[in-house]
Structure formats: C-alpha cells, structure tokens
Amino acid sequence: MKRFKFDTWGYHICIHGFGCWGDLDAALSLFKEMKEQSSVSGSSSIGPDICTFNSLIHVLCLVGRAKDALIVWDELKASGHEPDNSTYRILIQGCCKSYRMDDAMRIFGEMQYNGFVPDTILYNSLLDGTLKARKVTEACQLFENMVQEGVRASCWTYNILIDGLFRNGRAEAGFTLFCYLKKKGQFVDAITFSIVVLQLCREGKLEGAVKLVEEMETRGFSVDLVTISSLLIGFHKQGRWDWKEKLMKHVREGNLVPNVLRWNAGVEASLKRPQSKDKDYTPMFPSKGSFLDIMSMVGSEEDVARAEEVTPIEDDPWSSSPYMDHLAEQSNRPKPLFALARGQRVEAKPDSFDIDMMNTFLSIYLSKGDLSLACKLFEIFNEMGVTDLTSYTYNSMMSSFVKKGYFKTARGVVDQMGENFCEADIATYNVIIQGLGKMGRADLASTVLDRLTKQGGYLDIVMYNTLINAVGKANRLDEATQLFDHMKSNGINPDVVSYNTMIEVNSKAGKLKEAYKYLRMMLDANCLPNHVTDTILDYLGKEMEKSRFKKASFVRNKPNNDSSSSPS
DNA sequence: ATAGGGTTAG
C-alpha cells in the first residue's frame, strides 16, 4: 500500500501523538519507517533526533517499560546525542511512577551535574515517588534540598508531603504541617482538605472529618465527590448512616450532596426488586490442568518466550540506539501487564447520574459486606447499557468477591472487564493475586511475580505485601523472605503492613526467633508499629511463653541437658 | 508534565 510519506516534522508529530496515546506499536512502526526513509532517500533531511527519542522514551515509560527506556537512554548518551530538559523530565517521571527511585535519583544527579535546573514539578514527582516507596527520611532530605536550592514549593508539594506523612505512619507530623499551613493561610486548597478528611475517616474520627468539611466550605473550597466518598464510606464503616443528614447540613454549597442522596434513594428503591443470586465457591481459576487459564490473563506463554528470546541486533554503527531499533523490528512485542497510569477516573459531574456516584455507592455496599446490593447495582448498570465502567468499579467488585470466596463471580467480573475493553491496572492484579492466595494457589502467585519482573514491569508496595501474605500463609516462608528482600533491593522500603505480615507468618509457623528479628528490624527502620502490630505481638508473646515453658519442663525432666540455645 | 477516593497485615 502506498501512502503519503512524511517529512521529519510529520513523523515527529505522529510519533509524539501515538506516544501520548500510549500506543507503543504505532510509535515504533513509524520510527522504523522513518529510519528506512532516511536510509532510502539518503538525504539528511529525514532522521530521528533527540525529540524523536524523547517521544519514544516517553511512550516506553507510559506503557510500564521503564527498564527498556533506561537501556535506550544509556545507548543514546553513548551515541553522542545531547539530552535536553524534556529527556530528563520524561525519564525521571517515568522512574518515579514505577518506584525506581534509585534510577530516578541517579538521573536527577546527572541532570543537575549537566547544568539543568530542576523545577517545582520535577521535585514534586520525586517527592511523590520517594514517599510512595516508603522512604520518609529521603523525602525529607529531598524537600530540604529543594528549599535550599530556592525551588519554590507549591500546593502540590505540600499535598504530596501531607499525604505521604499519613501513609508512612507519621500522621501527627501530617496534621501539624496541615495546621501550620492553614494558619498561615498559604498552600492549602480543596485537595489538602480532602487528604486530611480521608485520614480522619481512616482513623474513625468522623466528628472531626465533618467539622473539617464544614470549615472547607466556609473557606470557599468546593467539596467534591472524592471528599464526600471518603465521608460516606467512613460513616458506613462505623454504621453511622444517620450522619448523612449531618453532612447535608454541613455542605450547603452546591447541590452535590442532595444529588448524591437522591441518587442513593433511587438506587435503593430499584434494589428492592428481586435479584439473582448466583454465588458459588468454584475456584476463580480451575485448579486442575495447566496454568494456561490464568496465564492468558497475565500474558500468554509465547509472549514471555518472545520476551526472553534474544534477537541478534544487527550491527549498525550509525544507529543512536540499537536497542530501540531492535524493539521496532520485533514483530510481536509482548503486551505489558499494565501501564503506568492507574485506571481512569471519571470527572465528577454533580448534575448527572454518573459512574462516580455508582462507584461511591458500590464502595459503600461493599465495605458493609452487602454483596447482593452491590451485585444488584452492577445489574442495574448493565440493564442501563452502561459499558464504560472504570477499572475502579471492577476492582472493587472483584476484591469483595475474592474476600468472600466467590471466585466464580470474581472471574465473571474479570471477563466482563475484558469484554468492555477496560484496562486492568495494578490494583486489578493485586486483587487477582489476593484471590490466588486465598485459593491456596500461592505457587501461581510467585509465577505472576516472575512474569512481571521478566517483562520489565513494576510492583508497588501493595502488590509486594499481597504476595508476601499469599506465600506466607501457604507456609512458603523462604519465598516470603525472598519477596521481602526483593522489595528492599528494588528500592521500596517495607512498611508497617510488610513487617506485620512477616512477624505474623513467622510466628504462626513457629519461627519465633525469626518473628522477633522482624520486629527488631521494624523498630530499627523507624517504622512505627500500629494496633495490628499489637494483636500480632500478643500472639507472638503467648507463643514465646509457651516455648519457654516447654523448654523449662524439658530442662527439668533432663537436668543433664544443657540448654544453651534459649531465646532472648 | 506533578497530588486526594478502590487494592495489602490482625
């Protein structure tokens, strides 16, 4: 087929466009064509420049292949291209989003060394990545550097910091920072309030949360659906549905709350109709036979084989990046499991019946354990012909089914997700792994990890914790330990959930010394224990007591035996 | 170009 040929500018625009769209294949095939054109025409007027490579590096990062992007980057530098500000920004943000903070910081250093001046947004990305990797100390250091270098902090900066402090077990510091900023009347916006409201809800301090929402209104910030969602879910978790009216009184501005409540009433009315109950305990994935079934979701065997197979790279001394050429030549690239971006979020449209409201109520029914209500809600949406549900919807549904052991239903949700071309995100996979663990298929869980790392994908802290829990509960302690170390060496610090899980699975397996080791490690790492730690330590304490008693009676019965290996 | 709701431990 003959087609109009682009000039450099045309190729450039298209590669950039496809890249922003996340279409790696389209971008790469245009890149290939561009190279062919430049060699055929022999003219130097067509050829990839640094901007082309920026676009390609960008799309590689977007589809979750930061590893590949880094290889291209190394080759590019060696080939004598001059990276510009965009190259650095694209790479650093790609690394931050996939929690490769070591790479991000290394490139950040190079950038400064080469005389580029980082701006507020770049610092914000670095701060966010550092805090999501649970590295509080490093984040504080980074913030100090930012201030010292005279880079102005913005609202975003403080929102990232406050949220990060909350998530890193430094709630007090988060509140202090919030109050300080509020007093100064600076750097506080609607998102700041929303972050703090969510934290109060998490801590069960609903009274304070509602007060804050009221204050938010008085200060002229509009209370959006995200904030209302946090509150409603909080109310429901504590069985305080009567607080809806309170909310109504507090949030006068706009008609969001009345809309939400009216919508709720409407849904609850339709829910009164009889519903189909198709629950069973069939495994989400057939436990007999091959792994093919799950693997078809996680990428086919051939994909992985292809990814592992090393195609010889033709030696082209003029190529800026042989690796990029190699990627462009690959006919069937393995499909990445999930892209960098999380599942899409729908904008809140207060005047319409929209998916966000559906999601809010879905969360509420699910958090209450009202699976049948949630199912019915799902049915209603199907009847209405709404097909563009977000992965948020599917993830919530699936998670609840998995928790209750309704694996077949969960499988149905996954299937429907595929039919509707709804992209799975990292949370989807977290839920799938949780399901595998609950089904006693921890072996499959580690296969998923293998596949993910081989395809150059990334894991977040929730996925590590989910995996550790799955293999730990299956008594595969070695694998749990391996995962724990894998997480650390990949630049993500274990958090309170990781430590609690390690302490728990080791105690349950009778490895009391090991359990104690993780407790020490947790305290040494400055990770503050929480109420869950208390419960687990209670159990550990009793077990240690028992073992001491056993040992003592053993010594009593055999006084000649020297017990030099008593635990501290 | 950067931040907040869903997914992890008892």
Side-chain angles (χ1 to χ4, degrees), chain A residues 20 58 61 85-86 89-90 92-94 96-97 119-129 131-132 154-164 166-167 189-199 201-202 224-234 342-343 345-346 348 356 359-360 362-364 366-367 390-400 402-403 424-435 437 460-470 472-473 494-505 507-508 529-540:
Chain A
C20 291
H58 184 211
C61 289
N85 226 330
S86 302
R89 180 176 51 78
I90 290 166
I92 292 174
Q93 288 179 343
C96 288
K97 278 261 191 275
D119 62 358
T120 306
I121 294 178
L122 195 59
Y123 263 109
N124 288 349
S125 303
L126 284 163
L127 278 171
D128 188 53
L131 286 162
K132 293 219 163 93
S154 66
C155 247
W156 295 68
T157 318
Y158 288 108
N159 288 342
I160 290 166
L161 281 176
I162 294 172
D163 181 67
F166 286 154
R167 287 180 202 274
D189 65 2
I191 305 278
T192 327
F193 275 94
S194 184
I195 291 168
V196 180
V197 166
L198 173 68
Q199 176 65 17
C201 289
R202 272 196 289 245
D224 67 358
L225 194 64
V226 175
T227 319
I228 307 240
S229 290
S230 307
L231 280 166
L232 290 180
I233 293 169
R342 300 292 301 274
R345 289 185 174 178
V346 180
D356 253 354
N359 283 337
T360 301
L362 201 54
S363 310
I364 288 167
L366 294 175
S367 72
T390 59
S391 66
Y392 179 114
T393 317
Y394 291 109
N395 291 346
S396 317
M397 292 293 294
M398 214 164 44
S399 159
S400 297
V402 164
K403 275 189 187 129
D425 61 14
I426 192 163
T428 315
Y429 285 92
N430 288 341
V431 176
I432 290 173
I433 292 169
Q434 197 196 0
D460 68 357
I461 186 138
V462 179
M463 186 168 287
Y464 275 114
N465 288 342
T466 311
L467 279 167
I468 290 175
N469 182 51
K473 291 278 157 67
D495 67 358
V496 64
V497 179
S498 334
Y499 285 113
N500 284 348
T501 311
M502 288 308 281
I503 296 171
E504 204 230 334
V505 296
S507 315
K508 289 260 157 80
N530 61 12
H531 61 287
V532 181
T533 323
D534 277 348
T535 322
I536 297 169
L537 288 185
D538 225 45
Y539 179 85
L540 176 63

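Model, not experiment: these values are computed from the prediction. All values below were derived from every heavy atom in this structure, side-chain atoms included, with hydrogens, water molecules and symmetry-related copies excluded. Letters A, B, ... are given to chains in the order of the sequence lines, protein chains preceding strands, and every chain is numbered from 1.
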Is the phosphate of B/dT8, meaning OP1 or OP2, less than 4.0 Å from a side-chain N or O of A/K473? no

When you check the phosphate oxygens OP1 and OP2 of B/dA9, does a side-chain N or O of A/K508 lie under 4.0 Å from one of them? no

Over all strands shown, is A/I191 touching base, sugar-phosphate only, or nothing at heavy-atom distances under 4.0 angstrom? base

Of all the choices, B/dT2, B/dA9, B/dA1, which nucleotide is nearest to the side chain of A/S125 once you look at every atom? B/dT2

Integer-rounded Å distance: B/dA1 C1' and A/L127 CG: 16 Å

Which value, rounded to the nearest 0.5 Å, describes the distance between A/S154 atom OG and A/N159 atom CG? 8.0 Å

If you check every side-chain atom of A/V496, which of B/dT8, B/dG4, B/dA9 has the closest atom? B/dA9

How long is the line joining CD1 of A/I503 and P of B/dA9, in whole Å? 15 Å

Contact class for A/K132 (heavy atom, under 4.0 Å): base, sugar-phosphate, or nothing? sugar-phosphate

Where the side chain of A/S194 is defined as all heavy atoms beyond and including C-beta, which of B/dG10, B/dA1, B/dG4 is the nearest nucleotide? B/dG4

Mind calculating the distance between CG (A/N124) and C1' (B/dG4) to the nearest angstrom? 14 Å

Classify the nucleic acid contact of A/D534 as base, sugar-phosphate or nothing, counting any heavy atom under 4.0 Å across all strands shown. nothing

Rounded to the nearest 0.5 Å, the CD1 atom of A/I162 sits from the CD atom of A/Q199 at a distance of 11.0 Å

Name the closest nucleotide to the A/V226 side chain, picking from B/dG5, B/dA9, B/dA1. B/dG5

Can you tell me how far C1' of B/dT2 sits from CG of A/L126, to the nearest Å? 10 Å

Output the single nucleotide from B/dG4, B/dT8, B/dT2 whose closest atom is nearest the side chain of A/N469. B/dT8

A/D224 side chain to A/T227 main-chain N or O, any donor-acceptor pair under 3.5 Å? yes

Whole-Å distance, A/I536 CD1 to B/dT8 C1', equals 12 Å

Nearest-nucleotide pick for A/T535, side chain only, options being B/dT2, B/dG10, B/dA9: B/dG10

Can you tell me if A/D538 and A/T535 form a side-chain donor-acceptor pair at under 3.5 Å? no

Of the listed B/dG4, B/dA3, B/dG10, the closest approach to the A/V532 side chain comes from B/dG10

Have A/D189 and A/T192 got a donor and an acceptor in their side chains that come within less than 3.5 Å? yes

Return the nearest nucleotide to the side chain of A/D163; candidates are B/dG4, B/dA9, B/dA1. B/dG4

A/L122 CG to B/dT2 P, straight-line distance once rounded to whole Å: 12 Å

Do A/N124 and A/D128 have side-chain heavy atoms sitting under 4.5 Å apart? no

For B/dA3, take OP1 and OP2 only and decide whether either is under 4.0 Å from a side-chain N or O of A/R167. no

note: A/I121, atom CD1; B/dA3, atom C1'; distance rounded to Å ~ 12 Å

Atom CG of A/D128 to atom P of B/dA3: distance rounded to whole Å? 6 Å

Any idea which of B/dG4, B/dT8, B/dA3 is nearest the A/V462 side chain? B/dT8

Touch class at under 4.0 angstrom, heavy-atom based, for A/T157 against every strand present: nothing

When all nucleic acid strands are considered with a 4.0 Å heavy-atom cut-off, which category describes A/N85: base, sugar-phosphate, or nothing? nothing

Base, sugar-phosphate, or nothing for A/R202, non-hydrogen atoms under 4.0 angstrom? nothing

